[in-house]
Structure formats: structure tokens, C-alpha cells
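The structure appears below as C-alpha cells.
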Amino acid sequence: MSCMIPSSTRSEHDRTVRYPREIAAAITLRAACAALTAGPPDGRVPDTGTIAVLTSCAALATRFALLEHLADPTDPDPRTVVPFDAFADRLPPALIGSGPEPDRARLRVAGDRAAHAWRVWRAGDDPEGCARGAAGALSLGAWCAWALGSGARAQTRAVYALETAADDPLASLVLRMVRCGVAPAWERR
């Protein structure tokens, strides 16, 4: 007896491209890193940067790579960021606020730019098109706020992210950490 995927659920083409969201997220990872961290701190993110952030934030593994990049106090070049491998890599310690203290200004800018990407998506004409990426971007912005010690801002962003995509795991984690009073324990430089 053979096991076959029913033809009503997937076409032959679907079998070869199984995870298009994850592939697109990985391809735009470095552009998203640059959009979140490069340029003047008060500068607006260009539309192409916003699109890269929304696309890259659609996959949780890519958000882990973004989070690791943002938390790195050495300010690495966005062109050197590598995708997170859920099967081989350990979760970034920064996810729960451990490790060296990140640059506060860099986190603030990145969090604001991630929230801006969500606002651009929300004001757009295609509310279903990038909902997963918009929720992912805002949950990344929520993590940035939490990492800076701003529980109220983190909670607000996490709640809006969950209203956008109710099953977003990063938004759920940030919201749970805020509600439980868990604060980052960064190592001071």
C-alpha cells in the first residue's frame, strides 16, 4: 500500500515548492536587516525596505535571525546575516533577554521601523496579502520594546500582532513574558 498526497490538496507544482513563504523570507532576510538598522535613526524606511521587512517577518525562523542580528552589540553588517536553521541552531539567547546587552538606540530604531511596516500594511489595500508578515514585523517590534524594558509598549504591540494573526508565536511569547513580569537580564558591558 502506497501513501499518496491527495490531488485535491496539492498540485504537482505545489510539491516542488512546499514552503514559498519561508523561501521568500530567507531571500529577503539581509534586506530586512538593512531596512531595520541602516541609515539615519530618524529616517523613514523606503517602501522597498518595508516590503523586505514584511516578507522576511512572515517566517518565525527568519525572525529569529533578525532578532539575533538586532541583539548583537557589535553591530554586524546586514550582508553577513545567515538564516536561522530550526533543526541545527540553538534558539538565540537574546530571545529571552540573556547575553550581552544590545545597543539600545539600535533596538529602538528597529522596533519603530518594524511597527511602521505593520502600519503601512494596515493602511494598504491588501489586508490579507501580508497579514502573517505584518504580524511578524509587529511581534519583532514588540520584542524590541520588551528588550528595552518597555513592557507597556511591548504589550500593546504584541496584542495588535495577535489581532493581526492570532497564532503568532513570537507575539504570544512577548505578551506572556510581559504579563508574567519577566524582564531581560542583559550582561552589562
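Atom SG of C57 sits about 5.0 Å away from atom CG of L66, to the nearest 0.5 Å. If you take CZ on R106 and CG on L36, they are separated by 9.5 Å, rounding to the nearest 0.5 Å. Distance OG1/T80 to CG/D72: 8.5 Å, rounded to 0.5 Å. Between H116 atom NE2 and T50 atom OG1 the span is 4.5 Å, to the nearest 0.5 Å.
Note on V174: it clusters hydrophobically with L148, by side-chain heavy-atom contacts below 4.5 Å among ILVMFWY residues. Side-chain heavy atoms closer than 4.5 Å link hydrophobic residues (I, L, V, M, F, W, Y) into clusters, and following such links, even through other members, never connects I51 to L29. A continuous path of ILVMFWY side-chain contacts below 4.5 Å connects L173 to L91, so both sit in one hydrophobic cluster. By the rule that hydrophobic residues join a cluster once side-chain heavy atoms approach within less than 4.5 Å of another member, W146 and L67 end up as members of one cluster.
A heavy-atom distance below 4.5 Å is found between the side chains of L170 and L95. With contacts defined as side-chain heavy-atom distances shorter than 4.5 Å, the pair P73/P102 does not qualify. You'll find the side chain of C144 reaches within 4.5 Å of the side chain of L70, heavy atoms only. Side-chain atoms of D75 and D103, non-hydrogen and from C-beta on, never get closer than 4.5 Å to each other. Between L107 and W143, the closest side-chain pair of non-hydrogen atoms falls below 4.5 Å. Side-chain atoms of E22 and L60, non-hydrogen and from C-beta on, never get closer than 4.5 Å to each other. Between T55 and C130 there is no side-chain heavy-atom pair separated by less than 4.5 Å.
For E101, the side chain to side chain donor-acceptor pair (under 3.5 Å) partners two or more places apart in sequence, or in a different chain, are R188. A search for side chain to side chain donor-acceptor pair (under 3.5 Å) contacts involving S56 returns nothing, not counting sequence neighbours. Take D112 and apply the salt bridge (Lys or Arg N to Asp or Glu O under 4.0 Å) test, not counting sequence neighbours, and it matches R157. A search for salt bridge (Lys or Arg N to Asp or Glu O under 4.0 Å) contacts involving R153 returns nothing, not counting sequence neighbours. D167 meets the salt bridge (Lys or Arg N to Asp or Glu O under 4.0 Å) test with R132; sequence neighbours excluded. Contacts of D77 classified as side chain to side chain donor-acceptor pair (under 3.5 Å), with partners at least two apart in sequence or in another chain: R79. For the side chain to side chain donor-acceptor pair (under 3.5 Å) test, residues two or more places apart in sequence or in another chain that qualify with W118 are T164.
Other residues, nucleotides and ligands contribute only 12 or fewer heavy atoms inside 6.0 Å of the CD1 atom of I96.
Here salt bridge (charged side-chain N to carboxylate O under 4.0 Å, His left out) pairs that include residues 27-41, with residues two or more places apart or in two chains, number zero. Pairs engaging residues 47-100 under the ring pair (Phe, Tyr, Trp, His ring centres under 6.0 Å) rule: F64-F84 [sequence neighbours left out]. Sorted by first and then second residue, the ring pair (Phe, Tyr, Trp, His ring centres under 6.0 Å) pairs with a member in residues 164-183 form an empty list; sequence neighbours excluded. The side-chain hydrogen bond (donor to acceptor under 3.5 Å, both in side chains) pairs that include a residue from residues 81-97 number zero, where partners must be two or more places apart or lie in different chains.
Judged by distance alone, the side chain of S98 and the main-chain N or O of A94 form no donor-acceptor pair under 3.5 Å. Under a 3.5 Å cut-off, the side chain of R63 and the backbone N or O of L140 do not form any donor-acceptor pair.
Scanning all heavy atoms of the two residues, the minimum distance from T62 to A26 falls at OG1-N, 4.0 Å. Residues A35 and R113 come closest through the heavy atom pair O-NH1, 3.0 Å. Between A171 and S139, the shortest heavy-atom distance links the atoms N-CB, 3.5 Å. Nearest heavy-atom pair across L54 and A134 is CD2-CA, 3.6 Å. Nearest heavy atom pair, residue A52 against residue T28, reads O-OG1, 3.7 Å.
Under a 4.5 Å side-chain heavy-atom cut-off, the cluster of Ile, Leu, Val, Met, Phe, Trp and Tyr residues that includes L175 is completed by V159, L162.
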